[in-house]
Amino acid sequence: LPEGVPPPSEEHLEVLQNYFGHSSFRPMQWKIIHAVLQKQDNCVVMATGYGKSLCYQYPAVYQRGVTVVVSPLISLMEDQVMGLQALNIPACFLGSGQTNKSEVYHNMFDGVYRIVYVTPEFIDACSGILEDLMKKVGIMLFAIDEAHCLSQWGHDFRSSYRKLGTIRKSFPTVPVLAVTATATQTVQKDICSVLKLRNPVVTVTSFDRPNLYLEAKLKNKSILEDILPLMVRDARGNYSPDGPTIIYCPTKKITEEVVSELRVAGMECEMYHAGMNKKERETAHHKFSFDKVHVIVATVAFGMGINKPDVRRVIHYGAPGSPESYYQEIGRAGRDGLPSTCTVFYGPGDDRLHRYFISTLNSEEFREHQYAMLRKMSKFLNQTTCRRIAIISHFTAKIDKTSPRKDCCDNCTNNLLGGSSNKKAPWLAAALDKEDKYDFTSEAKKIFETVKRCSNCGSTSLIYILRGSKCQRVKPHWMKMPTYGAGKDRNEAFWKELIQMLVHNEWLTESLVSCGQQWGRGRGRGRGKADFMSYSAIGLSQAGYDALKD
Ligand code: ADP
C-alpha cells in the first residue's frame, strides 16, 4: 500500500465482497477510495482495465447519500446502470433519452438511488435539480469520468466539460473525483485547475500495457495487401481475424473503402462512423459486442463506451494524429489482460490529412500544439527503438527501465532477433554497407547547407535543389546555390528518407506553414470548397547549425 494509507478494515472488505464480489481492493483503488472517504479531492489517471469505476462505486454504496457521476455518453451510462442493477445497487441516469422520467425523479428525491449518472450538459442546464437533491438526500461525491475531455491539450475535448468548474462553486463541501485513462502531465494540471480541485490526491498508475504488442508498417499499394496478411485463411479461401478486431480509419470515406474491399475479399465486417444513423451504429456495435461479427471498421466515433474485454487486435489503417489518441485507441485491445496486437499502417499521405484537420482549428496555440503532437506521432512511427518505452515516456517522466522484450514491439523483436533496424527506410538501408554502417555526414551536410540558404522550404523543394531539377517550381536563384545538383547521385526517395531521419533525430526542424486557401480544386463533391493549403517547412536546429560549422 502507498505510504500513509492504512489497510482496509474487515468491514470494508466485507462490503466489497458482498456488493461487488471482489475479495480485495487493488492497491491504487484503495488509496483513492480511502481519500474519497476522507472527503479529499482526487485526480486519477488509471490504465484501462485497472478498475476505475470501483473508485466511485464503492464509496457510493459504503456511504449514505448519493454519488453523482458525470459521464460523456448516454450509452455508457446505460451500460453502467445496468451493471449496477445486476449487483443490486440502485442507480439511474438523467438526461435526454430517459423514458420514465417522473418515476426516476420521484425515486431519486426519495433517496432510492446510490448513484445518479448525468451528462455534463445536464449539470450546466439543470443545476437546480442537483441543488434540490443536495438538500433532500445529500450528495456525497461528484465523480467526473473521462475527465481528459475537459482539456483541449487532451485528445477528445468537449466544451461542455469545461463548464464543470461550476460544481465546486455550487457544492463547495462535496469532494470531487476526476478519473481518466489517458492524461499527460499538462492535461492532469488542466483537470485540477478547471475543476478547482483543492489539494487533490493525484494518482497515476503505470501507462504500461504489457500484454499489447505494438507494430508499425508502411502501407503497401492496396488495402487488401496490408490487412489480409494479418488474417487467417480457411480451407474455402475465406479470411477471418484470429479474434475480435477493430480497424480504425481516419475518415468516413476510407472506412467505407476498407469495408467494401474486405467484403469483396469475402470477409465479414461491420462499419461504424458518425455519418450513419443512431440505429445503424447501435446495430453494428451490438453485433461486434456479442460476437456476431468479428471485425468492425470504424472512425474514432467508435470510441468511448466500448467495453469489450477480448479485442485481440486494433489496426490503424492510416497514422493516428497524436500519441494520446493512439494510446486511447489501442487501449481498447486486450482489456482482459491477454496478449493482443496493435498494428499501424502508415504512409506519406497520412500527415496531409491530419494537417488539414489541424488547419481547421481556431486557436493558434492549439494548432501549434496539435501539430507538435502530429510530429511526435510521426517520430514514433518511424523510430527504430522500443515503441513501448516511447509511448510510456510520452505520458510520464518516470518509466520503469525493464529490459527490452521481444514480445513488446516490432523494433524490439527485430533488434533482439538480430534483424536490421533500418527496414523502415529501404533507400537509406540500401546505402548501408555490409557491416550495417554507413556515414551519412556528407549527404546530411548537403541538406543542412541547402536548408540554411532556403528558409521556409518544404522537403520537396529541397530535393529539387539537391537533385538539380529543372521543373517549373524551381526558382531561378535556387539554381545558383552551391548545392544545386550536388545530390544528383541519389534518388528522390533516398533524400526524402534522409530528411525525415534528420527531422526525427532533431538535426532539422519541421513547422507547419499555412499558405492560404485555394478554392475549387477538388472534383465532384469537394468542388468549390476551400482546399487546405499548408505544408511542413524544414529548418535547421541548433545541432544542424553546429554540424555545418564543423
Ligand atoms: P476500467 O474502467 O479502469 O477500464 P473497469 O472499472 O471496467 O476498468 O474494471 C475492469 C475489470 O476489473 C472489471 O471486470 C472489474 O470487475 C474488475 N475489477 C475491478 N476492481 C477489481 C478488484 N478489486 N478485484 C478484482 N477485479 C476487479
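First listed ligand is number 1; within each ligand, the first listed atom is number 1.
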Checklist entry - Taking both backbone and side-chain atoms of Gly51, is any N or O found less than 3.5 Å from an N or O belonging to ligand 1? => result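 N/O-N/O distance under 3.5 Å: yes.
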Closest heavy-atom pair and its distance - [X], [Y]:
X      : Y      : result
Gln383 : Phe380 : CG-O, 3.2 Å
Val104 : Tyr113 : O-CE1, 3.4 Å
Met373 : Ser322 : CB-CB, 3.6 Å
Tyr371 : Arg355 : CE1-CD, 3.8 Å

What part of [X], side chain, backbone, both or neither, has a heavy atom within less than 4.0 angstrom of ligand 1?
X      : answer
Arg26  : both
Ser24  : backbone
Arg335 : side chain

Identify, for [atom], the protein heavy atom at the shortest distance, and state residue, atom and that distance.
atom                    : result
atom 6 (O) of ligand 1  : Ser53 OG, 2.4 Å
atom 20 (N) of ligand 1 : Gln29 NE2, 2.9 Å
atom 25 (C) of ligand 1 : His22 ND1, 3.4 Å
atom 10 (C) of ligand 1 : Gly49 O, 3.6 Å

Next on the checklist: Under 4.0 Å from atom 13 (C) of ligand 1, is there at least one protein heavy atom?
Outcome noted: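 Protein heavy atom within 4.0 Å of atom 13 (C) of ligand 1: absent.
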Checklist entry - With a 4.0 Å cut-off, strictly under, does atom 2 (O) of ligand 1 pick up any protein heavy atom? => result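 Given the 4.0 Å limit, the answer for atom 2 (O) of ligand 1 is yes, a protein heavy atom qualifies.
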Item to check | Pair Tyr62-Leu16, side-chain contact (heavy atoms from CB on, under 4.5 Å): steps then yes or no | outcome: CA-CA 9 Å; Tyr62 184 78; Leu16 179 69; over 6 Å; no
Item to check | Charged tip of Lys135 within 45° of Phe109 ring normal and under 6.0 Å | outcome: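 Cation-pi check for Lys135 and Phe109: fails.
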Using a strict 4.0 Å cut-off to heavy atoms of [X], name the atoms of ligand 1 that fall inside it.
X     : value
Thr48 : 4 (O)
Tyr50 : 3 (O)
Lys52 : 1 (P), 2 (O), 3 (O), 4 (O), 6 (O), 8 (O)

Next on the checklist: Can you tell me how far apart OG1 (Thr299) and CE (Met271) are? Round to the nearest 0.5 Å.
Outcome noted: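 The CE atom of Met271 is 10.0 Å from OG1 of Thr299, to the nearest 0.5 Å.
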Checklist entry - If you measure from OH on Tyr105 to CG on Asn100, what distance do you get to the nearest 0.5 Å? => result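 Output value for this atom pair is 11.5 Å.
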Item to check | Pair Lys308 + Asp310: basic N to acidic O under 4.0 Å | outcome: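 Between Asp310 and Lys308 there is a salt bridge, with a charged N closer than 4.0 Å to a carboxylate O.
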